[in-house]
Amino acid sequence: MLGKPVAESTALCVPTARWGYPTDRPLSARDYVSGRAWGGMTALGWKSLGILELTALPTIGAETWVPWVRDADVLLVAGGEATYLWHWMRESGLADLLPSLTDMVWVGVSAGSMVMTPRIGKAFVEWPFARDDRTLGVVDFSIFPHLDVLPENTLAEAERWAADIGGPAYALDDHSAIRVTDGTVEIISEGQWTHLSP
């Protein structure tokens with residue numbers, strides 16, 4: 001999707017969602033940034049790799065950080081709490097900038113992908129200040145992550161969750177991903193996934 005090798009590509013790592021998850025500790029953000037967790041995306045040998053912490057952006061001004069984002073080839077967005085990530089995408093201004101980033105590749109893990117959907121479902125709202133389960137709605141489907149990876153993320157639970165979502169959804173394990181290019185949805189998987197009808 002980058003159109004060039006990783007070694008020639010610039011990336012920004014967004015660990016923000018880690019801070020909104022109530023059971024996370026600073027160690028989990030470090031593991032994501034250092035490439036020790038979430039498949040080592042930050043350790044792939046990027047030409048350059050920076051950190052874009054959304055909670056800091058309102059204090060440094062758009063004239064500083066917007067060029068950083070525009071110059072990057074990819075945003076690597078960590079998992080954690082999707083409504084917290086959505087909040088800080090709006091507060092920082094990144095959500096407003098997204099539509100103009102037509103050549104940007106967004107690589108989200110767990111909540112980093114879920115934030116792009118219209119809703120995450122009440123079961124995944126862990127941030128106590130979330131108003132509801134709405135997120136960005138960049139894509140028109142929702143995501144049930146970590147299928148059969150976490151004990152509570154069973155297919156039966158995914159089906160109950162999908163009934164509440166009321167729209168198209170996918171349940172994916174940690175060996176599956178969804179690629180959306182110009183509105184075309186493609187499942188890439190070496191594991192287990194399923195399309196859940198509303």
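Each residue takes its place number in the sequence, starting with 1.
Hydrophobic clustering keeps Val139 apart from Ile188 (ILVMFWY residues linked when any side-chain heavy atoms are closer than 4.5 Å, directly or through intermediates). In the hydrophobic cluster analysis, where Ile, Leu, Val, Met, Phe, Trp and Tyr join through side-chain heavy atoms closer than 4.5 angstrom, Ile165 is grouped together with Leu155. Grouping the Ile, Leu, Val, Met, Phe, Trp and Tyr side chains by contacts below 4.5 angstrom, directly or via other members, places Val185 with Met114. Residues Val138 and Val77 share a single hydrophobic cluster, defined by chaining ILVMFWY side chains whose heavy atoms lie under 4.5 Å apart. With hydrophobic clusters built from ILVMFWY side chains whose heavy atoms lie under 4.5 angstrom apart, Leu54 shares a cluster with Leu101.
Residues forming a side chain to side chain contact (heavy atoms under 4.5 Å, CB included) with Thr64 (at least two apart in sequence, or on another chain): Ile60, Trp68. Every side-chain hydrogen bond (donor to acceptor under 3.5 Å, both in side chains) that Ser189 has, sequence neighbours left out, goes to Ser176. Under the side-chain hydrogen bond (donor to acceptor under 3.5 Å, both in side chains) criterion, Ser92 pairs with no residue at all, not counting sequence neighbours.
In this structure the side chain of Leu147 never reaches within 4.5 angstrom of the side chain of Leu172, judged on heavy atoms. Between Pro168 and Ser142, every side-chain heavy-atom pair lies at or beyond the 4.5 Å cut-off. Counting heavy atoms from C-beta on, the side chains of Trp193 and Ile178 never come closer than 4.5 Å. Residues Leu76 and Leu49 meet the side-chain proximity criterion, which asks for heavy atoms closer than 4.5 Å. Ile120 has its side chain within reach of Val125: a pair of non-hydrogen atoms, C-beta onward, lies under 4.5 Å apart. At a threshold of 4.5 Å between non-hydrogen side-chain atoms, the residues Leu57 and Leu52 count as touching.
With salt bridges taken as basic N to acidic carboxylate O contacts below 4.0 Å, one links Asp73 and Lys4. A salt bridge does not link Lys122 to Asp133: none of the charged nitrogens lies less than 4.0 Å from a carboxylate oxygen. Between Glu186 and Arg179, at least one side-chain N (NZ, or NE/NH1/NH2) sits under 4.0 Å from a carboxylate O, which counts as a salt bridge.
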- [ ] Would you sort out whether Trp46 and Val74 count as a side-chain contact (heavy atoms from CB on, under 4.5 Å), showing the intermediate values?
- [x] CA-CA 10 Å; Trp46 301 97; Val74 62; 3.5 Å; yes
Task: side-chain contact (heavy atoms from CB on, under 4.5 Å) between Trp65 and Leu94, intermediate numbers included - done: CA-CA 10 Å; Trp65 67 265; Leu94 181 60; 4.3 Å; yes
- [ ] Check the pair Arg70, Leu97 against side-chain contact (heavy atoms from CB on, under 4.5 Å), reporting the backbone distance first and the verdict last.
- [x] CA-CA 9 Å; Arg70 290 198 184 283; Leu97 185 63; 3.1 Å; yes
TODO: Go through Val69 and Met104 one step at a time and tell me if the side-chain contact (heavy atoms from CB on, under 4.5 Å) criterion holds.
DONE: CA-CA 9 Å; Val69 174; Met104 171 73 64; 4.0 Å; yes
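In summary, the side chains of Gln192 and Thr194 do not present any donor paired with an acceptor at a separation below 3.5 Å, with no hydrogens or angles considered. Side-chain N/O atoms of Asp173 and His146 include no donor and acceptor closer than 3.5 Å. A donor-acceptor contact closer than 3.5 angstrom links the side chains of Trp19 and Glu53.
Among all heavy-atom pairs drawn from Leu196 and Ala162, the shortest one is CB-CB, 3.8 Å. Looking at every heavy atom in both residues, Arg18 comes nearest to Ala78 through CD-CB, 3.9 Å. In terms of heavy atoms, Cys13 sits closest to Pro15 at O-CD, 3.3 Å. Contact between Gly112 and Val115 at its shortest, heavy atoms only, is O-CG1, 3.6 Å. Contact record, Ala17 with Leu85: CB-CB, 3.9 Å, taken as the closest heavy-atom pair. Nearest heavy-atom pair across Ala82 and Ala111 is N-CB, 3.6 Å.
Atom-to-atom distance recorded for Glu8:CD and Leu2:CG is 10.5 Å, nearest 0.5 angstrom. From Glu91, atom CD reaches atom OG1 of Thr55 across 11.0 Å, with rounding to the nearest 0.5 Å. We find the CE-CG distance between Met116 and Leu98 to be 5.5 Å, quoted to the nearest 0.5 Å. One finds the CD atom of Glu190 at 8.0 Å from the NE2 atom of His175 (value rounded to the nearest 0.5 Å). Atom NE2 of residue His87 and atom OG1 of residue Thr16 lie 11.0 Å apart, to the nearest 0.5 angstrom. Met89 contributes atom CE, which lies 10.0 Å from atom OG1 of Thr135 (distance to the nearest 0.5 angstrom).
Ring planes of Trp127 and Tyr84: perpendicular class, angle over 60° (limits at 30 and 60°). The aromatic rings of Trp161 and Phe124 stand perpendicular to each other, their planes meeting at an angle above 60°, with 30° marking the opposite boundary.
Taking the ring centre of Trp88 as origin, the terminal cationic atom of Arg90 falls outside the region bounded by 6.0 Å and 45° from the ring axis.
Remark: the backbone N or O of Thr184 is not paired with any side-chain donor or acceptor of Thr181 at under 3.5 angstrom. No side-chain donor-acceptor contact under 3.5 Å links Glu126 to the backbone of Glu81.
When the shell of 6.0 Å around CG of Asp103 is examined, it contains 12 or fewer heavy atoms from other residues, nucleotides or ligands.
Considering Asp164, Asp132, Asp140 in turn, Asp164 is the only one that fulfils the salt bridge (charged side-chain N to carboxylate O under 4.0 Å, His left out) rule with Arg119.
Aromatic pair Tyr170/Phe144: ring centres not closer than 6.0 Å.
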